[in-house]
Amino acid sequence: MFFKDEGLIIKDDKKTDVFSPQRSSEAGKRGLLREPFFIFPYNEEMKVNSWACLCCLLFLFSCSTQQKYLLTRVRTPEVAGGGNNRFDIAVSKATRMQPSTNIGAVVVDSHPTLSSSAVVNAINAFGLTDFMDIEASWGPQQSFLTSLKIQFLGAPTSSAAQGNFSLALRAGYGLNIGAGKVSREELVDRRLAERTYIIESGYGVFDLMLGYRILAPLLVYVGVFRDDGRYALNFEKGIKTKIEHSVDGSGISFGTQYQRGNLLLHLFGASGKIELPQSQVEKRQLDIGVSLGLLY
């Protein structure tokens, strides 16, 4: 949709926005509107609904003893901006941990294995101010992660222009509490009763990121991160056993984001390691991913 000489008026029950060549030019000078080819109609209910949809995802996937850990960060050094909401769907590579090599054995061991896996994430960030976001994300076999991001330098995504330097610090905590069972068919000894288990997993995340806009719509950034957590699997029925692992992650994150109106295309990656110190297990890898987002 391109602007013509006459003003373009978009109306709905909640909001009326008037765009004209003069207003779009003034907004562009302030960095509030770039390349006005696309306008996404919305109302305030969408900001609430995106958070509701994210929470509903918690109930769409079955529980598993496996847990997936991400080195990649679907985050940039820029916050959304005061009153703005950002919603992303991301696909990336991750590390999958199986806490035991013989879940169906008579005696369950605590020897973990790490392997590579693909993951899907839903991420929502709401701009509390022009320098602070509250974020939440979740995906199958992952923790529900909430975090706070504070931007110390530069303008937010909603108004950033060419040459914008950004520096941000992010801290958060991921929590996964679930339950499931090992069916009789999965047991080595079919005479045993099916096993039930409870998962209690949590970890903290810390990120420091620095970015720069080469062009008004193009952001590049790099950062460092550190994750610290634990995983506990409690068998409550059958042979009662508790398996615990500490899980740590660290490395360097990087990425680039292209913005076109309301739409955000984000390519990201991380190089680092996931380690389980108690078991002396470690996996080093380079992970990459892509996300499509909407800022409104």
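The figures here come from the full heavy-atom set of this structure, side chains too, leaving out hydrogens, waters and symmetry mates.
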query = Is there a side-chain contact between L292 and D88 (heavy atoms, below 4.5 Å)?
reply = no
message = Go through it in stages, so that I can follow the logic: the residues are T65 and Y197, the test is side-chain contact (heavy atoms from CB on, under 4.5 Å), and I'd like the CA-CA distance, side-chain angles, deciding distance and then a yes or no.
response = CA-CA 8 Å; T65 59; Y197 58 80; 3.4 Å; yes
query = Heavy-atom distance under 4.5 Å between the side chains of M97 and K68, does that happen here?
reply = no
inquiry  = Please tell me whether Y173 and I199 are part of a single hydrophobic cluster in this structure, the criterion being side-chain heavy atoms less than 4.5 Å apart.
reply    = no
note = Scanning both residues in full, the closest heavy-atom pair of L145 with G172 reads CD1-C, 4.3 Å
key: Heavy-atom pair with the smallest gap, counting every atom of G139 and N121   = N-ND2, 4.2 Å
note = Smallest heavy-atom separation, V120 atom then P140 atom, equals O-CD, 3.5 Å
remark   = dist S166:OG -> Y212:OH (nearest 0.5 Å) comes out at 11.0 Å
query = For R226, which residues count as a salt bridge (charged side-chain N to carboxylate O under 4.0 Å, His left out) partner, sequence neighbours excluded?
reply = D228, D248
task = Return the minimal non-hydrogen interatomic distance between S110 and I243, and the atom names on each side.
result = CB-CG2, 3.8 Å
note = Between R170 and the options V205, D133, I150, the side-chain contact (heavy atoms from CB on, under 4.5 Å) test singles out V205
inquiry  = What I want to check is whether the side chains of Y296 and N85 have a donor and an acceptor closer together than 3.5 Å.
reply    = yes
query = Can you tell me how far OG of S291 sits from CG of L264, rounded to the nearest 0.5 angstrom?
reply = 8.0 Å
request  = Decide yes or no for V119 and V91: does some side-chain heavy atom of the first lie under 4.5 Å from some side-chain heavy atom of the second?
outcome  = no
key: Side-chain heavy-atom pair L219, T256 within 4.5 angstrom cut-off   = no
Neighbour count above 12 (heavy atom, 6.0 Å) for L210 CG = yes
query = Is L175 atom CG crowded by more than 12 heavy atoms from other residues, nucleotides or ligands, each under 6.0 Å away?
reply = yes
Atom pair CD1 (I123) and CZ (F87), whose distance is rounded to the nearest 0.5 Å = 8.0 Å
ask   = Would you call E275-R284 a salt bridge at under 4.0 Å N-O?
value = no
query = Between I252 and F254, which heavy-atom pair has the shortest distance, and what is it?
reply = O-CD2, 4.1 Å
task = Verify the cluster assignment for L215 and V220: are they in a single hydrophobic cluster under the rule of side-chain heavy atoms below 4.5 Å apart?
result = yes
key: Value rounded to 0.5 Å, distance of OG in S201 from CD in Q142   = 11.0 Å
key: Spacing of NE2 belonging to H245 relative to CZ belonging to R230, to within rounding of 0.5 Å   = 11.0 Å
key: Carboxylate-amine/guanidinium proximity below 4.0 Å for D207 and R75   = no
ask   = Do you reckon L267 sits in the same ILVMFWY cluster as I89, going by side-chain contacts under 4.5 Å, direct or chained?
value = no
query = Could you go step by step and tell me if T101 and D109 meet the side-chain hydrogen bond (donor to acceptor under 3.5 Å, both in side chains) rule?
reply = CA-CA 7 Å; T101 59; D109 66 39; 2.6 Å; yes
ask   = Less than 4.5 Å apart, any side-chain heavy atom of V79 and any of T157?
value = no
task = Would you mind checking if R86 and E135 are paired as a salt bridge, meaning a charged N to carboxylate O distance below 4.0 Å?
result = no
key: R213/Q162 under side-chain contact (heavy atoms from CB on, under 4.5 Å): CA gap, chis, key distance, verdict   = CA-CA 5 Å; R213 283 194 178 253; Q162 182 177 1; 5.5 Å; no
task = Verify, without hydrogens or angle tests, whether S117 (side chain) and A94 (backbone) share a donor-acceptor contact under 3.5 angstrom.
result = no
ask   = Between N102 and V108, does a side-chain contact (heavy atoms from CB on, under 4.5 Å) hold up when you go through it step by step?
value = CA-CA 6 Å; N102 60 352; V108 180; 4.1 Å; yes
query = Is there a side-chain contact between Y231 and Y203, using heavy atoms and a 4.5 Å cut-off?
reply = no
ask   = From T76 OG1 over to Q259 CD, what is the distance, rounded to the nearest 0.5 angstrom?
value = 9.5 Å
query = Got a donor-acceptor contact below 3.5 angstrom from the S246 side chain to the L276 backbone?
reply = no
key: Side-chain heavy-atom pair P112, S279 within 4.5 angstrom cut-off   = yes
inquiry  = With a sphere of 6.0 Å drawn around CZ of F131, does it hold more than 12 non-hydrogen atoms of other residues, nucleotides or ligands?
reply    = no
key: Side chain proximity check, L70 to D287, heavy atoms < 4.5 angstrom   = no
ask   = F152, M209: one ILVMFWY side-chain cluster at the under-4.5 Å cut-off?
value = no
ask   = Is the NZ or CZ atom of R73 positioned over F225's six-membered ring, under 6.0 angstrom from the centre and within 45° of the axis?
value = yes
query = With hydrophobic residues grouped by side-chain heavy-atom distances under 4.5 Å, do L167 and F206 end up in a single group?
reply = yes
ask   = How far apart are the C-alpha atoms of V290 and L265, what are their side-chain angles, what is the distance that settles it, and do they pass the side-chain contact (heavy atoms from CB on, under 4.5 Å) test?
value = CA-CA 8 Å; V290 60; L265 178 63; 4.0 Å; yes
Heavy-atom pair with the smallest gap, counting every atom of S115 and K283 = C-CE, 3.9 Å
query = Can a donor-acceptor pair be found between the side chains of S143 and Q67 at a distance below 3.5 Å?
reply = yes
